[in-house]
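Here the structure comes first, spelled out in structure tokens, and everything after it is commentary.
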Protein chains: 2
Amino acid sequence: MSRDPREDARPGYELPLRLLLAFRTVIDELHERIAREGHPDLRPMHGFVFQAIGAQGTTAVELGKRLGVSKQAAGKTVEQLERLGYVERGSDPADARRKVVRLTGRGVDCLVRSARIFEELREEWVAQLGGEERLRELEDALRTLAPGDPFRLDTPRWFGGP
Amino acid sequence: MSRDPREDARPGYELPLRLLLAFRTVIDELHERIAREGHPDLRPMHGFVFQAIGAQGTTAVELGKRLGVSKQAAGKTVEQLERLGYVERGSDPADARRKVVRLTGRGVDCLVRSARIFEELREEWVAQLGGEERLRELEDALRTLAPGDPFRLDTPRWFGGP
DNA sequence: TCCATATAGTCAATGAGGTTGTCGATCGTG
DNA sequence: CACGATCGACAACCTCATTGACTATATGGA
């Protein structure tokens, strides 16, 4: 028989692996649901790109800075999302060099659905953990361990590495 | 003035972003330390590969299955790690088709150091959270949200996507 | 025993996604 | 007005994955 789990020594790698597994589980669940709602070709990365574009649109250079990639890479990503119908490019009357990238109706629909699904998922986490208070404690603990702004949009580049 | 934080509505996307940020913070810290101890060319992905190879060694096909990539991709990764001196390939006397991949002394050294650094980091998390009990609660909450085996080794492929 | 089939590893071609370098067009400031 | 900075685009290249084809070896059933 094993001892009381509260007495077990827990390996140091458990927490980071659990963090990643929980993140993967959440994101997979999000994309499963959003695929069922009419957006089947979205990748985990695209959510970050949509957030980086924002409601008012942006340019390739600015998008590259937010995502932590070169302007050329950002331009290619925009091109791909344009082919998928999620963004469109227009010219800026105030500056003929700039080409503003904006979300299309389909892109906005995707953002709206993502936000709603995240709220639904949050309610499910509250139920699983046994109360809103538990989820807040979890969030507080994570804030303590990693206090920065959670909106780091340079994540896609981070894992693969150069 | 903002209200008491415990009364604020928290958006549903906060938890997943915090999970990812905490994971990144931990892994970045691990690699910063292990780089200082003589392993500067390791990428976040390589830790997963070492774990997938294991102490007894494995083959390219088996490694590919564990990592969730093709055998060709696994073979190329092995080739790269062989160039860096972390693994070596030998033949299997019982099966002339198989070429067994094993960790070198340098590879084992890397695993040992990783394990020690993870233990050091865990002590620091305990101190930051204000007690072993808090960290156990955090781990328990994460187990509740994502109950599976945390040793999912197919992560490198997960984010980038096909 | 011998042959069919399955498996291990390698080579080649391709694609996605990133990089740097370069260039012309345009803006802003001195 | 001219010069430097900025934006977007094109090209060449790198890394890391993919699939397909091929050889060598193992294995199991007629």
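Lettering follows sequence order; numbering is per chain, from 1.
Under 4.0 angstrom from either OP1 or OP2 of D:dT18 there lies at least one side-chain N or O belonging to B:S70.
Applying the side chain to side chain contact (heavy atoms under 4.5 Å, CB included) test to A:Q51 and every residue at least two apart in sequence or in another chain returns A:L111, A:F151, A:L153.
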Self-check item: Strand DNA chain D as a dot-bracket string - pairs counted if Watson-Crick or G-U with both distances under 3.5 Å, | where the partner lies in another strand
Solution: ||||||||||||||||||||||||||||||
List the atom pairs, with distances to 0.1 Å, where a side-chain N or O of residues 60-69 of chain A and a protein N or O form a donor-acceptor pair under 3.5 Å, not counting sequence neighbours.
residue : atom : partner : partner atom : Å
A:E62   : OE2  : A:R66   : NE           : 3.3
A:R66   : NH1  : A:A52   : O            : 2.3

Quiz item: Reading nucleotides 5-14 of chain C from the 5' end, what letters show protein touch, with B for base, S for backbone sugar-phosphate only, - for no heavy atom under 4.0 Å?
Solution: -BBSBBB---
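Summarising the geometry, the separation between CD on A:Q80 and C1' on C:dA16 is reported as 8 Å, rounded to the nearest angstrom. Atom pair B:R43:CZ and D:dC16:P shows a separation of 9 Å (rounding to whole Å applied). One interatomic measurement links the two molecules: CG of B:L81 to C1' of D:dT15, which rounds to 14 Å at whole-angstrom precision. What separates CG of A:L63 from C1' of C:dG17 is a distance of 14 Å, to the nearest Å. At whole-Å resolution of the value, CG in B:L67 and P in D:dA17 are 9 Å apart.
Comment: A:R33 engages A:E29 in a salt bridge, judged by a side-chain N to carboxylate O separation of less than 4.0 angstrom.
Atom CZ of B:R134 has 12 or fewer heavy atoms from other residues, nucleotides or ligands within 6.0 Å.
Looking only at side-chain heavy atoms (C-beta outward), A:L145 and B:T25 stay at 4.5 Å or farther from each other.
Under the ring-ring contact (aromatic ring centres under 6.0 Å, His included) criterion, the residue pairs touching residues 84-123 of chain A are A:H39-A:Y86, A:F50-A:Y86, with sequence neighbours excluded. Residue pairs satisfying the salt bridge (charged side-chain N to carboxylate O under 4.0 Å, His left out) criterion with at least one member in residues 46-60 of chain B, sequence neighbours excluded, are absent.
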Practice problem: Could you go through the side-chain contact (heavy atoms from CB on, under 4.5 Å) check for A:E132 and A:E137 one step at a time? | Solution: CA-CA 9 Å; A:E132 171 86 15; A:E137 286 169 6; over 6 Å; no
